[in-house]
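Just so we're on the same page: letters track the sequence lines, and every chain starts at 1. In what follows, every heavy atom counts, from backbone to side chain, and hydrogens, waters and symmetry copies are set aside.
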2 protein chains.
Amino acid sequence: MATQSVHADIAPLAQVLKALGEPNRLRIVNLLMEGVQCNCELGSALDMAPNLISHHLRVLREIGLVQVERDALDARWLYYSLNVEMLTQLSETFGHFFDASRIRERLPACGPQATHLPRAELVVGAT
Amino acid sequence: MATQSVHADIAPLAQVLKALGEPNRLRIVNLLMEGVQCNCELGSALDMAPNLISHHLRVLREIGLVQVERDALDARWLYYSLNVEMLTQLSETFGHFFDASRIRERLPACGPQATHLPRAELVVGAT
DNA sequence: AAACTAATTCGATGGTTGTTGAAGCATAGC
DNA sequence: GCTATGCTTCAACAACCATCGAATTAGTTT
């Protein structure tokens with residue numbers, strides 16, 4: 001496996017952050033931290049219509065954070081839960097991307113103070 | 001001080017996630033990890049118009065993640081950088097909220113086998 | 001004074017999206 | 001067969017938001 005870089009691609013990370021950046025969805029994730037729950041439970045806990053719960057669960061499922069299982073005795077019931085591996089990987093990605101120790105000291109390449117300062121070391125990669 | 005709970009309020013957390021859940025904003029944050037930069041630098045790096053850069057920087061500034069400073073010699077230049085304390089606190093909040101060890105084992109309170117059967121016999125696979 | 005520069009703010013637009021109500025689907029029980 | 005249940009999907013609407021162009025502010029230079 002390649003060394004994990006922060007620069008990987010930030011588009012999928014942005015997609016996950018966007019999905020989580022919705023209050024009701026974040027509440028759903030928080031509730032799923034308590035364990036498996038069905039649609040009706042989430043709906044009553046959040047005072048939301050089941051179709052709306054279903055909509056948000058769909059978004060969370062599309063980013064792989066939520067998984068669903070069907071009851072063995074009564075297949076009408078769907079049980080939603082968090083994908084542990086996905087959550088672990090997500091937490092790790094966040095920890096790396098938003099690590100404050102990543103911040104480097106750097107003077108702006110533009111502006112009046114940039115002219116008389118050496119910044120050859122700032123040049124990265126291609127031209 | 002109060003014991004830091006995850007339940008604190010998820011509305012502000014959702015706001016931060018929403019602000020970061022935009023690809024261009026996330027790119028700006030990633031660039032600011034390299035150090036102080038001005039509007040024009042970010043704009044040329046991301047190939048975006050200065051007014052658009054200004055818009056996204058404004059959003060990042062409203063959540064406290066980005067701070068701005070004015071050049072001492074030429075006050076026309078604004079230098080943007082990341083708020084280290086805010087980023088540290090943010091990373092910590094993420095680490096707590098999305099900690100996979102928070103997930104608890106719990107049987108659904110609804111359904112035909114609400115509190116009866118052990119979880120192993122509970123479910124079958126589903127998409 | 002005017003002209004130039006860096007950046008912001010304004011106005012308008014097109015696309016996205018959360019929310020709502022009704023309909024549809026699949027399963028279970030009669 | 002029929003009805004009830006749990007959940008999803010559809011259609012429509014309203015609000016939000018990223019993007020663009022033009023105008024504006026603030027500061028510097030000539």
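- With a 6.0 Å cutoff to the six-membered ring centre and a 45° limit on the axis angle, A/Arg70 does not count as a cation-pi contact of A/Tyr79.
- Here the C1' atom of nucleotide C/dA6 and the CG atom of B/Leu42 are 13 Å apart, to the nearest Å.
- One interatomic measurement links the two molecules: CG of A/Asp47 to C1' of C/dT19, which rounds to 14 Å at whole-angstrom precision.
- Once rounded to the nearest 0.5 Å, the distance linking CD of B/Glu41 with CG of B/Leu32 reads 10.0 Å.
- Per the geometry, CZ belonging to A/Arg27 stands 13 Å off C1' belonging to C/dG18, to the nearest Å.
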Which protein N or O atoms sit under 3.5 Å from an N or O of nucleotides 19-21 of chain D?
unit_1: D/dT19; atom_1: OP1; unit_2: B/Asn24; atom_2: ND2; d: 2.8
unit_1: D/dT19; atom_1: OP2; unit_2: B/Asn24; atom_2: ND2; d: 3.3
unit_1: D/dT19; atom_1: OP2; unit_2: B/His56; atom_2: NE2; d: 2.7
unit_1: D/dG21; atom_1: N7; unit_2: B/Asn51; atom_2: ND2; d: 3.2
unit_1: D/dG21; atom_1: O6; unit_2: B/Asn51; atom_2: ND2; d: 2.9

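- Residue A/Arg25 has a polar side-chain atom (N or O) positioned under 4.0 Å from OP1 or OP2 of C/dG18.
- Of the charged side-chain nitrogens involved, none lies within less than 4.0 Å of a carboxylate oxygen, so that B/Arg106 and A/Glu34 do not count as a salt-bridged pair.
- Salt bridge absent: A/Glu22 and A/Arg27 never bring a charged side-chain N and a carboxylate O closer than 4.0 Å.
- If you take CG of A/Asn39 and C1' of C/dT27, they are 16 Å apart, rounded to a whole angstrom.
- Expressed to the nearest 0.5 Å, how far CG of A/Asn24 lies from NE2 of A/His56 amounts to 5.0 Å.
- A sub-4.0 Å separation between OP1 or OP2 of C/dT9 and a side-chain N or O of B/Arg58 is present.
- The distance from atom CG of A/Leu57 to atom C1' of D/dT9 is 14 Å, rounded to the nearest whole Å.
- Rounded to a whole Å, the CZ atom of B/Arg70 is 10 Å from the C1' atom of D/dT25.
- Within the structure, every side-chain polar atom (N or O) of B/Lys18 is placed at least 4.0 Å from both OP1 and OP2 of D/dC16.
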**OP:** Let me see the working for A/Trp77 and B/Cys110 under side-chain contact (heavy atoms from CB on, under 4.5 Å), right down to the final yes or no.
**Re:** CA-CA 9 Å; A/Trp77 297 79; B/Cys110 291; 3.3 Å; yes
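- One finds the CG atom of B/Asn83 at 10.5 Å from the CD1 atom of B/Ile63 (value rounded to the nearest 0.5 Å).
- The CD atom of B/Glu41 sits 13 Å away from the C1' atom of C/dA6 (whole-angstrom rounding).
- The CZ-P distance, from B/Arg76 to C/dA6, rounds to 6 Å in whole Å.
- Relative to the side chain of B/Trp77, the nucleotides C/dA7, D/dC7, D/dA4 differ in distance, and C/dA7 lies closest.
- Distance from the side chain of A/Ala75 is smallest for C/dT27 among the nucleotides C/dT27, C/dT9, D/dC7.
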